[in-house]
Amino acid sequence: GRGCWATSKAPPFGCPAGGRLAARAAALEHAHRLLDDGADLIDVGGESTRPGAAPVSAESECARILPVVASLAAAGVLVSVDTSKAAVIAAALREGAALVNDVRALREPGALAAVAAGDAAVCLVHMQGRPRSMQDAPAYDNVVAAVRAFLAARAQECVAAGIARDRIVVDPGLGFGKTLAHNLALVRALPELAKLGYPILAGWSRKASLGTITGRPVAERMAASVGAALAAVARGASIVRVHDVRETVDALAVWRAVQDG
């Protein structure tokens, strides 16, 4: 099926205890609103991966996300944890996370072993460079070939480590060290990436390349994001990670009705 994966960032770390509790409650309320709108999976992250983002410690990341992950998992929600750190992965899996969404594709020390030790799924994302610098003139000889080879190699590493093939999702990493031309080439090439034999996740929602195409600021990119999701699903994406869940779910319902009758 075609799934909808919603982004829901955890509350900030370092504010007074009462502020953290209020922010945590707001995060949970937002997550449940996304579920009501039709999300199948909630992605919870405590470290920004936007271009230019600075890293945070594993301790800070855990403080931000673990209460949210635990609360959602206890309520039976499928939770994805957006992290690259082995300690955070292990802690989130203990709290009931169902999937690890890693922009570094389990290349950080201990990350691969942390996922292999459990039975959660993993999303392997391609990223050139690091969030702080990834959009500083990214370049490839052939972006599709490079991304395909990287995802194939990382998936094989996972299988060799004991992670079953049916636990693996791959993500070409739209916007993660790519120009607009790179992103468009990758979306056009999703049928080729699908030949790797793993479900493809596409996360294009509200990203800068959509602003370049439309001329719209981030707050006005809902229509562009819905169009981007449809373009990805039409080319083979099994999951789309989005912010505007209700609108994307409705658009996919119409697309599916036309496709399937």
Side-chain angles (χ1 to χ4, degrees), residues 1-13 20-50 53 56 60-85 88-103 114-115 118-125 167-171 173-176 199-207 222 225-226 228-229 232-233 237-253:
R2 299 298 191 243
C4 202
W5 178 335
T7 296
S8 179
K9 289 296 180 181
F13 180 77
R20 285 201 300 273
L21 290 173
R24 188 176 302 155
L28 290 169
E29 180 181 356
H30 179 58
H32 284 285
R33 185 165 59 250
L34 294 172
L35 291 164
D36 289 342
D37 285 346
D40 301 301
L41 185 68
I42 300 295
D43 195 37
V44 179
E47 179 180 37
S48 177
T49 52
R50 291 188 180 92
V56 301
S60 294
E61 205 174 328
C62 284
R64 292 174 179 183
I65 71 169
L66 293 184
V68 177
V69 171
S71 180
L72 291 173
V77 176
L78 287 176
V79 180
S80 157
V81 59
D82 180 356
T83 188
S84 297
K85 300 180 183 71
V88 182
I89 290 171
L93 295 183
R94 286 195 296 270
E95 296 294 348
L99 185 146
V100 175
N101 172 31
D102 185 2
V103 297
V115 174
D119 58 4
V122 62
C123 180
L124 303 171
V125 184
R167 292 167 55 192
I168 299 171
V169 176
V170 296
D171 180 344
L174 303 176
F176 286 93
I200 295 174
L201 183 144
W204 207 3
S205 178
R206 299 188 187 177
K207 289 189 175 177
M222 181 179 71
S225 297
V226 172
V233 170
S238 296
I239 310 168
V240 286
R241 186 170 56 246
V242 305
H243 300 84
D244 304 294
V245 174
R246 178 174 296 188
E247 294 80 4
T248 306
V249 167
D250 286 353
L252 287 171

N/O donor-acceptor pair under 3.5 Å between E47 side chain and V56 backbone:
yes
Would you confirm whether S205, through its side chain, and S225, through its main-chain N or O, come within 3.5 Å as a donor-acceptor pair?
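No.
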Please find the pair of heavy atoms, one from [X] and one from [Y], that lie closest to each other, and give the distance.
X    : Y    : result
I65  : G46  : CG2-N, 3.3 Å
G96  : A73  : O-CB, 3.7 Å
A39  : V245 : N-CG1, 3.4 Å
A114 : I89  : CB-CG2, 3.8 Å
G173 : V125 : CA-CG1, 3.8 Å
A97  : A120 : O-CB, 4.1 Å

In Å and rounded to the nearest 0.5 Å, what is the [atom1] to [atom2] distance from [X] to [Y]?
X    : Y    : atom1 : atom2 : result
R24  : L28  : CZ    : CG    : 8.5 Å
I42  : H30  : CD1   : NE2   : 7.5 Å
D82  : L99  : CG    : CG    : 10.5 Å
N101 : D171 : CG    : CG    : 7.0 Å
H32  : L72  : NE2   : CG    : 5.0 Å
L252 : E247 : CG    : CD    : 11.5 Å

Check salt bridge (charged side-chain N to carboxylate O under 4.0 Å, His left out) between R167 and all other residues, then give those that pass, not counting sequence neighbours.
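By the salt bridge (charged side-chain N to carboxylate O under 4.0 Å, His left out) rule, R167 matches no residue at all.
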Is the shortest heavy-atom distance from the side chain of [X] to the side chain of [Y] under 4.5 Å?
X    : Y    : answer
V81  : V44  : no
D244 : R206 : yes
L93  : V100 : yes
L34  : H243 : no

Are more than 12 heavy atoms from other residues, nucleotides or ligands located less than 6.0 Å from atom CG of D119?
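For D119, atom CG is not crowded (no more than 12 foreign heavy atoms under 6.0 Å).
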For L78, enumerate each residue passing the side-chain contact (heavy atoms from CB on, under 4.5 Å) test, keeping only those at least two apart in sequence or located in another chain.
L41, A98
